[in-house]
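What follows is one structure encoded as structure tokens, with my remarks underneath.
Remember, it's a predicted structure, so these values are computed and weren't measured experimentally. Note on naming: letters A, B, ... go to the chains in the order of the sequence lines (proteins, then strands), and numbering restarts at 1 for each one.
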There are 2 protein chains.
Amino acid sequence: MRHKSKEITIYDIAQALELSPATVSRGLQNHPLIKEETKQRILEKALALGYRRNTIASNLRTQKTHTIGVIVHELNSNFITSVLAGIEKITTQAGYDIIIAHSYENYTKEVANANNLFQKRVDGIITSLAFDTPNLDHYRQFEEKGIPVVFFDRVEENSDSVKVIIDNYRAGYQATEHLIAQGCKRIVLVTANLQRNVYFKRYAGYKDALLAHQLPFEEQYVLIKDLSEQCGVEAALHILSMNPLPDGVFITNDFSAAVCMQTLKEHGIRIPEDIAVVGFNNDAVCKIIEPKLTTIDYPGMEMGEIAAKNVIEQLQEEATTQHISTIVVRSELLVRASSAKPQ
Amino acid sequence: MRHKSKEITIYDIAQALELSPATVSRGLQNHPLIKEETKQRILEKALALGYRRNTIASNLRTQKTHTIGVIVHELNSNFITSVLAGIEKITTQAGYDIIIAHSYENYTKEVANANNLFQKRVDGIITSLAFDTPNLDHYRQFEEKGIPVVFFDRVEENSDSVKVIIDNYRAGYQATEHLIAQGCKRIVLVTANLQRNVYFKRYAGYKDALLAHQLPFEEQYVLIKDLSEQCGVEAALHILSMNPLPDGVFITNDFSAAVCMQTLKEHGIRIPEDIAVVGFNNDAVCKIIEPKLTTIDYPGMEMGEIAAKNVIEQLQEEATTQHISTIVVRSELLVRASSAKPQ
DNA sequence: TATTTTTACGAAAACGTTTGCGATATGAGA
DNA sequence: TCTCATATCGCAAACGTTTTCGTAAAAATA
């Protein structure tokens, strides 16, 4: 049934044209040393014979794959898909392919993915750390071989690799200050493991904003969760159990925030009148949940583009020049109904 | 700064052990012809020297990449990520890698992705068609080379490739019948291009359910949109302009349905009292929107597993046996508040 | 002991491309 | 006519692995 037709090579083209494979090879890559007319003949014959370049053989010879690996901690998010779109835009422009690997927020899978991409001999790596990734050892292998690694969003501070991030401290500060401006006095922060630096920064911004406005910082107002769906419910129940009741919540994840709001509402809390809520990421749910969710928006597409540009830059430079180590992308507070308290 | 250490090969191991590269190669792949003790020595030396197998050379020699390509029409959806998880589970079990390609619901990109994966010489393909993909020509190249292609979810009916789908007709019928059972008499269907067979099937189910229950089928109640965010708003406005007002809506996409509900509510429509709503996919938004959205649920993970198993089966069979051409996975109606009319 | 079988390994070709270097032909300049 | 650039192209090695076939030694059999 299936007919496996013979794969045709540059030898076949060479033979048909009474040329050498070397000339055919050069002709196909538009080498200036080949006569224009010969090139034409080669191209035509290649098309006629249904030739397809054997990337594997080419990769073996050149020791390059023209592929860059992307490791993401999740896929089901507007932010990540925007980043991927940005990466793809730049890489295809530069003639590189991408391989997307998904860690499912799982350190073990992230390591497996890194090893896999290393095996596949990608020319570069763009990655965002999983939730529980404790160290960067699995990226060391790339650096040892001179393969550029660029981190985005979820990064490790004390690493001298290139990082593309937002100012999480500022975002946390802004969100908190906004709640304060709405008249909130008791603001709960729901966030994740402070080891992961994005969360620590947001925490620090939250803390400093409180102090700057003469509000007390209380440990019991900081809830460390996993930002899952369940987490939203738990956070809400926790908040409901507090006395006095908080009047503002800053949850560093939109989906969790939405679930939390829902649970609060089910228990008779009015949002934003009783409790104002701010999320993080500007996910699609922000506009679905009622009231619509105030959040921190940041440009995924742009971050992807910057990361990709940086990798390709490193790839094209022969010299090992000094590189920018951290690129901070602007982020902004998007005020919606969930935090707009009546004055 | 970056030190590119010399890549070590089986020759280096062979030399160090005074063996031939052939023996080392066999030893590394645990070939039964090699003495156990020799294998051990090879493994140890490989580890000591920091050997990593050159997949590219191996691929060139074996003419296999042990990689299967996955083309998806979107990433930002629970369904798709579940499918990917299912595919990954099976493929890694079988020792295959996957390359995820994203078509962004764009035919041109889908073609580019297919060509790319063809270039990369993947051993198999799992794919779901983009919104506007008019034909399957870009998959013909795989079939010509005997590379298995499996379609899932968005498939083309009149193709003899393997397809993993749900019974969209039944789903459409069920959803409509449910609305009828709730007392709806004027049910609007919001769906997408009927050329894409999933949408046609749902449409057919909707139509037949109406007729089976002695309700009139009216063309004006069928709204063909693109199931985007904007589409939800448009559908709502259209519905509001109708006279008499419809009392039920079946939108074949959860996110659009959520936006539509929102717009309807903003115009004073009560859901489900005035209009009952049913979506499709069981996305995360179903539980965020208020009231929670009745929808059709189907098992992405399982579909991914089945698709992957099928590809691998085809890969491992030497003989070109006859294959199952269509696998239908169960789907079910999930009733939530958005459609529960008070009796 | 002679012969066959088994066990363990090696030689070398093959996968298809790229590329440094050499070779040939053509025309210009002396 | 001879020399020397210049323009085109071919030779052959290299990339690192896998695998067919062959061989030598050891073990088993006659």
Side-chain angles (χ1 to χ4, degrees), chain A residues 4-43 45-46 49-67 95 118-123 145 318, chain B residues 4-43 45-46 49-67 95 118-123 145 318:
Chain A
K4 305 205 184 191
S5 55
K6 165 92 172 57
E7 204 67 50
I8 86 120
T9 74
I10 54 172
Y11 275 84
D12 300 322
I13 301 179
Q15 199 167 2
L17 258 42
E18 296 190 327
L19 286 172
S20 78
T23 305
V24 174
S25 172
R26 282 190 257 256
L28 288 173
Q29 39 187 326
N30 202 22
H31 196 286
L33 232 59
I34 304 299
K35 213 198 309 182
E36 204 53 50
E37 182 223 324
T38 315
K39 277 184 196 167
Q40 275 309 317
R41 285 171 53 218
I42 292 172
L43 263 324
K45 184 57 81 176
L49 293 180
Y51 168 78
R52 62 165 172 165
R53 178 157 161 280
N54 189 326
T55 330
I56 301 171
S58 173
N59 287 345
L60 176 59
R61 173 59 223 242
T62 59
Q63 303 284 62
K64 294 248 169 303
T65 57
H66 271 264
T67 299
F118 188 66
Q119 279 293 332
K120 280 212 173 330
R121 286 192 161 55
V122 293
D123 293 342
K145 298 283 178 195
E318 282 301 314
Chain B
K4 305 205 183 189
S5 54
K6 166 94 172 59
E7 205 67 51
I8 86 119
T9 73
I10 54 173
Y11 275 85
D12 299 322
I13 301 179
Q15 198 167 4
L17 257 43
E18 296 191 326
L19 286 171
S20 78
T23 306
V24 175
S25 172
R26 282 190 258 256
L28 289 173
Q29 39 187 325
N30 201 22
H31 196 287
L33 232 56
I34 304 298
K35 212 199 306 183
E36 205 52 52
E37 183 224 323
T38 315
K39 279 184 196 167
Q40 275 308 319
R41 285 171 55 220
I42 293 172
L43 262 325
K45 184 59 80 176
L49 294 180
Y51 168 77
R52 64 165 170 164
R53 180 159 161 280
N54 189 327
T55 329
I56 301 171
S58 172
N59 286 346
L60 176 59
R61 174 59 224 244
T62 60
Q63 303 284 61
K64 294 248 170 300
T65 56
H66 271 263
T67 299
F118 188 66
Q119 280 293 332
K120 281 214 173 330
R121 287 192 162 54
V122 293
D123 293 343
K145 299 283 178 196
E318 281 301 316

task = Taking only the side-chain nitrogens and oxygens of A:Y51, find out if one of them lies under 4.0 Å from OP1 or OP2 of C:dT17.
result = yes

note = Separation of D:dT17 atom C1' from B:H66 atom NE2, nearest Å, is 14 Å

key: Comparing A:R52 and B:E36 on DNA chain C - which has the more 5′ nearest nucleotide   = B:E36

task = Could you check whether A:I56 gets within reach of a base, just the sugar-phosphate, or nothing at all, counting any heavy atom under 4.0 Å?
result = nothing

note = B:N30 CG to D:dT17 P, in whole Å, measures 17 Å

ask   = Is the shortest heavy-atom distance from the side chain of B:K39 to the side chain of B:N30 under 4.5 Å?
value = yes

query = Contact class for B:I34 vs. all strands (heavy atom < 4.0 Å): base, sugar-phosphate, or nothing?
reply = sugar-phosphate

Of the listed nucleotides C:dC9, C:dT19, D:dT8, the one nearest the side chain of A:A22 = C:dT19

ask   = Can you tell me if the side-chain N/O atoms of A:Q63 get under 4.0 Å from OP1 or OP2 in D:dG16?
value = yes

note = note: A:R41, atom CZ; D:dC9, atom C1'; distance rounded to Å ~ 12 Å

task = Round to a whole Å and report the spacing from CG of A:L33 to P of C:dA23.
result = 16 Å

ask   = Expressed in angstrom and rounded to an integer, what is the separation of A:I10 atom CD1 from C:dT19 atom P?
value = 11 Å

message = Taking any heavy-atom pair under 4.0 Å as a contact, classify A:T9: base, sugar-phosphate, or nothing.
response = sugar-phosphate

key: Of B:P21 and A:S20, the one whose closest DNA chain D nucleotide lies more 5'   = A:S20

task = Please indicate whether B:Q119 has more than 12 foreign heavy atoms, meaning atoms of other residues, nucleotides or ligands, lying under 6.0 Å from its CD.
result = yes

ask   = CD1 of A:I8 versus P of C:dC15: gap in Å, rounded?
value = 14 Å

task = Provide the closest heavy-atom pair for A:D12 versus A:E7 in the form atom of the first, atom of the second, distance.
result = OD2-O, 4.1 Å

request  = Would you tell me if any nitrogen or oxygen in the side chain of A:S25 comes within less than 4.0 Å of OP1 or OP2 on C:dT17?
outcome  = no

task = Examine distances only and state if a side-chain atom of A:R53 and a backbone atom of A:L28 form a donor-acceptor pair shorter than 3.5 Å.
result = no

task = Compare the minimum distances between each of D:dT17, D:dG16, C:dC9 and the side chain of B:L60, then state the nucleotide with the smallest one.
result = D:dG16

query = At under 4.0 Å between heavy atoms, what does B:R26 touch on the DNA or RNA strands: base, sugar-phosphate, or nothing?
reply = base

request  = Would you mind reporting whether B:N54 and A:R121 have side-chain heavy atoms less than 4.5 Å apart?
outcome  = yes

Student check: side-chain heavy atoms of A:V24 and A:Y11 closer than 4.5 Å = no

ask   = Could you state the NZ-C1' distance from B:K35 to D:dA27, rounded to the nearest angstrom?
value = 14 Å

ask   = Reckon A:T38 has a side-chain N or O less than 4.0 Å from the OP1 or OP2 of D:dC9?
value = yes

Sugar-phosphate only, base, or nothing, as touched by B:E18 at under 4.0 Å among non-hydrogen atoms = sugar-phosphate

inquiry  = Distance check needed: D:dT19 P versus B:Q29 CD, whole Å only.
reply    = 6 Å

